[in-house]
Amino acid sequence: MRRPVDIEPTRLSKKLPEDACERLRSILGVHMDIRAPGDAEEPILGLHVRQVLAQWMAEIRAADELRVVGIKPRANALLYGPPGCGKTTMAHHFAARLGLPMVVVGSEHLIGAFLGESGKNIAKLFDGLAVADTQVVLFMDEVEAIGASRGARTGGQCDDEKNSALTVLLRKVEEFNAGYFIAATNMPDNIDAALWRRFNMQIGIALPGADERFAILKRYLSPFTLPDDDLDCLAEATDGASPALLRELMEGIKRGLIVRPRLRLAIDSAPEMFAAIISATMPPPEMEVPKLWSRADTLKSLSRLSWPPIRMGAP
Ligand SMILES: Nc1ncnc2c1ncn2[C@@H]1O[C@H](COP(=O)(O)OP(=O)(O)OP(=O)(O)O)[C@@H](O)[C@H]1O
Ligand SMILES: [Mg+2]
């Protein structure tokens, strides 16, 4: 019997001032994407990551008690793992649970063409946040663009620029006290050891297991539904798929159920509908190809699903 993945709904712990996002935008400039708590989605994560997140939230709420014993809640984390597994979604969810805006910056946008420019951009970002009147979750994506290992560099001018940018980043991460800092990377092996060590936590967001795939498929198939045994069968056939790919797959089914009849195409064959979707929806090249994409017998075996899915609440 499959255990439902226990997910806490995203909720705000305090109301964000109406124009806080606007004010942040004007302080930080155009390269930042500011995401409000209300737009956050709930990631479906493995037990270990959920526990780590729950512990982090609990210690933030117990800040006063921690201070009495001489420690503070942890203020930063490095998220690493394959693309489409929920690093950005998790950071936004974390910000939303704290009622804070998330400032999203791609590291590559901080790298400038002139010597010293990258370090200045990084300093401007952190200094801007330090004087902002709201705490934030600062989310730095693809942090390896600045934080790649110095050992792998060859010593050109471009490397000097990257080294000086990294030095500024290391200092600013240590000084940061404008909220929480979360960085993400798909390339943990490339991250500089000194930067790695600056993070209080290094959290691996791996490909989903069978229970998580089941919950993800169910969520993104809604408002259509399939019996649990059928979702189990699909979860098995999609071993190795990221949540983002599972979402594409289920949204493809929903799209097909609505659009195919207009094109006079049948919707009563699951293998046919899945074949149409996977022919145009591939996992990224560096990722494992799930059975459903690579084996004709797996596709064919979907003929035993109760098909088509039923729309909940339909007359
Ligand atoms: N764990 C998850 N649970 C539910 N949905 C997810 C999950 N992970 C990803 N998704 C879906 O896939 C989309 C892309 O995920 P997200 O951007 O968070 O991945 P990522 O790990 O940050 O990827 P990248 O490394 O490419 O930046 C999300 O908007 C969400 O719809
Ligand atoms: Mg991301």
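In each ligand, atom 1 is the first atom listed, and ligand 1 is the first ligand listed.
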> So, are Glu272 and Arg260 salt-bridged, with charged N and O less than 4.0 Å apart?
yes
> Aromatic contact between Tyr80 and Trp196, with the criterion being ring centroids under 6.0 Å apart: yes or no?
yes
> Salt-bridge test for Arg304 and Asp230: reply yes if a basic N is under 4.0 Å from a carboxylate O, no otherwise.
no
> Please report the C-alpha distance between Trp293 and Phe274 in whole Å, then the side-chain angles of each, then the deciding distance to 0.1 Å, and finally whether the ring-ring contact (aromatic ring centres under 6.0 Å, His included) criterion is met.
CA-CA 9 Å; Trp293 274 256; Phe274 277 97; 8.7 Å; no
> Can you find a pair of side-chain heavy atoms, one from Leu234 and one from Phe214, that are under 4.5 Å apart?
no
> At a 4.0 Å threshold, what atoms of ligand 1 neighbour a non-hydrogen atom of Arg247?
29 (O), 30 (C), 31 (O)
> Around atom 28 (C) of ligand 1, find the nearest protein heavy atom and jot down its residue, atom name and distance.
Thr89 OG1, 3.5 Å
> Taking non-hydrogen atoms only, is Tyr220 closer than 4.0 angstrom to ligand 1 via side chain, backbone, both or neither?
side chain
> Hey, which atoms in ligand 1 end up nearer than 4.0 Å to a heavy atom of Asn186?
25 (O)
> Mark up the atoms of ligand 1 that fall under 4.0 Å of a heavy atom belonging to Ile44, in ascending order.
1 (N), 2 (C), 3 (N), 4 (C)
> Taking 4.0 Å as the limit for heavy-atom contacts, which would you say applies to Glu41 with ligand 1: side chain only, backbone only, both, or neither?
side chain
> Quick one: look up the protein heavy atom nearest atom 7 (C) of ligand 1 and list residue, atom name and how far away it is.
Pro243 CB, 3.2 Å
> Tell me if the aromatic rings of Phe181 and Phe139 count as close, with their centers under 6.0 Å from one another.
no
> Specify side chain, backbone, both or neither for Lys87, according to which of its non-hydrogen atoms lie closer than 4.0 Å to ligand 1.
both
> Taking both backbone and side-chain atoms into account, decide whether Thr89 has an N/O/S atom under 2.8 Å from the Mg ion (ligand 2).
no
> Asp64: what forms a salt bridge (Lys or Arg N to Asp or Glu O under 4.0 Å) with it, not counting sequence neighbours?
Arg67
> How far is atom 17 (O) of ligand 1 from the closest protein heavy atom, and which atom is that?
Thr88 CB, 3.8 Å
> Using distance alone, decide if ligand 1 has a nitrogen or oxygen within less than 3.5 Å of any nitrogen or oxygen in Cys85.
yes
> If you have a sec, work out which protein heavy atom is nearest atom 19 (O) of ligand 1 and how many Å separate them, to one decimal?
Gly86 N, 3.3 Å
> Against heavy atoms of Pro83, which atoms of ligand 1 measure under 4.0 Å?
23 (O), 24 (P), 25 (O), 26 (O)
> So, does Lys291 use its side chain to make a donor-acceptor pair with the main chain of Ala296 at under 3.5 Å?
no
> Taking the minimum heavy-atom distance to atom 23 (O) of ligand 1, which of Pro208, Gly84, Ala215 ranks first?
Gly84
> Determine, for Lys218 against Asp228, whether the closest basic-nitrogen to carboxylate-oxygen distance falls under 4.0 angstrom.
yes
> Report, in ascending order of atom number, the atoms of ligand 1 lying under 4.0 Å from any heavy atom of Ala244.
12 (O)
> Is it the case that the side chain of Asn200 and the backbone of Asn76 share a donor-acceptor pair, with hydrogens and angles ignored and the cut-off at 3.5 Å?
yes
